[in-house]
Amino acid sequence: VPDALKILSQYRILAAPVRDVTKPVDTPWTDKYLGFFDMSAIVAYLLDRLGPGGHTMENFQNEIESTSEFRNSTIADVAKIVQLQPFQPLEQDRSNLLDAMLLCGPHNIRRLPIVKTPGGDIVNIITQ
């Protein structure tokens, strides 16, 4: 998690897809991705681990760095506490903007990956 947090912060990325590394590279997208890992999941996980208290922006970074549980935690640990955002992609060659709108709106999906088929590699992400 610390490495993921550092990369997301460094490049000003709010969320990233989580790939199941136990699956082969040529696995279809339906089995390859677990969801989206985002900054709100990290914050919720940290607050769950740190417990109640007067957390401020000034001491939050120190608390994070001094908590060994956080330093050794994995994305899987976060997923146990905080539900990952769903991974519901659209296929690049078979979908259009109307498909994206119909999927995002009613289902409260904030990030919509566009995948290339066959293979299921992500080629883009639409956000709302």
Side-chain angles (χ1 to χ4, degrees):
V1 172
D3 293 338
L5 179 60
K6 183 183 285 185
I7 291 168
L8 291 176
S9 297
Q10 179 181 355
Y11 294 101
R12 297 179 183 208
I13 298 171
L14 296 178
V18 177
R19 185 182 177 286
D20 186 346
V21 295
T22 64
K23 305 285 182 175
V25 175
D26 60 348
T27 301
W29 66 261
T30 52
D31 299 321
K32 188 186 295 189
Y33 297 100
L34 303 174
F36 274 94
F37 181 70
D38 62 17
M39 294 298 263
S40 63
I42 294 172
V43 171
Y45 176 76
L46 288 172
L47 291 174
D48 182 75
R49 298 291 98 191
L50 294 173
H55 307 292
T56 65
M57 290 303 290
E58 291 79 31
N59 69 6
F60 197 62
Q61 183 69 30
N62 291 333
E63 289 182 74
I64 292 169
E65 292 171 357
S66 66
T67 304
S68 63
E69 184 177 0
F70 174 71
R71 286 194 311 265
N72 300 324
S73 60
T74 65
I75 303 298
D77 296 330
V78 175
K80 290 175 190 171
I81 303 294
V82 179
Q83 181 178 358
L84 296 177
Q85 291 294 316
F87 187 89
Q88 182 59 53
L90 290 176
E91 294 181 13
Q92 179 181 22
D93 296 331
R94 297 176 53 194
S95 304
N96 58 43
L97 190 54
L98 179 60
D99 294 330
M101 291 171 44
L102 292 173
L103 190 59
C104 287
H107 302 287
N108 198 23
I109 295 175
R110 297 187 309 243
R111 292 164 190 89
L112 195 60
I114 307 301
V115 296
K116 178 176 59 175
T117 52
D121 294 326
I122 298 173
V123 294
N124 212 335
I125 297 174
I126 296 174
T127 61
Q128 61 168 335

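Residues take their numbers from the sequence shown, with the count starting at 1.
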Chemist: Just how far is it from atom CG of L14 to atom OG of S9, taken to the nearest 0.5 Å?
Modeler: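 It comes to 10.0 Å.
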Chemist: Is there a path from I109 to L90 through hydrophobic residues (I, L, V, M, F, W, Y) whose side chains come within less than 4.5 Å of each other?
Modeler: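 The answer is yes; both residues are in one hydrophobic cluster.
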Chemist: Looking at CG of L112 and CD of Q88, how far apart are the two atoms once the value is rounded to the nearest 0.5 Å?
Modeler: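 Answer rounded to 0.5 Å: 7.5 Å.
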Chemist: What heavy-atom pair brings W29 and E91 nearest, and what distance separates the two atoms?
Modeler: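 Closest approach of W29 to E91: NE1-OE2, 4.1 Å.
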Chemist: Cluster question for you: counting only ILVMFWY and a side-chain heavy-atom cut-off of under 4.5 Å, with indirect links fine, are L34 and V25 together?
Modeler: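 Each belongs to a different hydrophobic cluster.
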Chemist: Other than M101, what residues sit in its cluster of Ile, Leu, Val, Met, Phe, Trp and Tyr side chains whose heavy atoms are under 4.5 Å apart, directly or through others?
Modeler: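 Besides M101, the cluster holds L97.
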Chemist: Checking the side chain of K116 only, and the main-chain atoms of Q92 only, is there a donor and an acceptor separated by less than 3.5 Å?
Modeler: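 Side chain of K116 to backbone of Q92, a donor-acceptor pair under 3.5 Å: no, none is there.
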Chemist: Taking the side chain from T27 and the backbone from K23, do they hold a donor-acceptor pair closer than 3.5 Å?
Modeler: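 Answer holds: no.
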Chemist: Is the shortest heavy-atom distance from the side chain of F36 to the side chain of R110 under 4.5 Å?
Modeler: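 F36 vs R110: side chains apart.
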Chemist: Atom CZ of R111 and atom CD1 of I126: how far apart are they, to the nearest 0.5 Å?
Modeler: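 Here the rounded value is 13.5 Å.
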Chemist: Can you check whether P28's main-chain N or O pairs, donor with acceptor, with D31's side chain at less than 3.5 Å?
Modeler: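 Not at all, since once roles are kept as given, no pair shorter than 3.5 Å links the two residues.
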Chemist: To check you understand the geometry: which heavy-atom pair defines the closest contact between A15 and L8, and what is its length?
Modeler: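 Shortest heavy-atom separation between A15 and L8 comes out as C-CD2, 4.3 Å.
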Chemist: Quickly, which of N124, I122, I125 forms a side chain to side chain contact (heavy atoms under 4.5 Å, CB included) with I114? Name it, please.
Modeler: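 Filter result, single survivor: N124.
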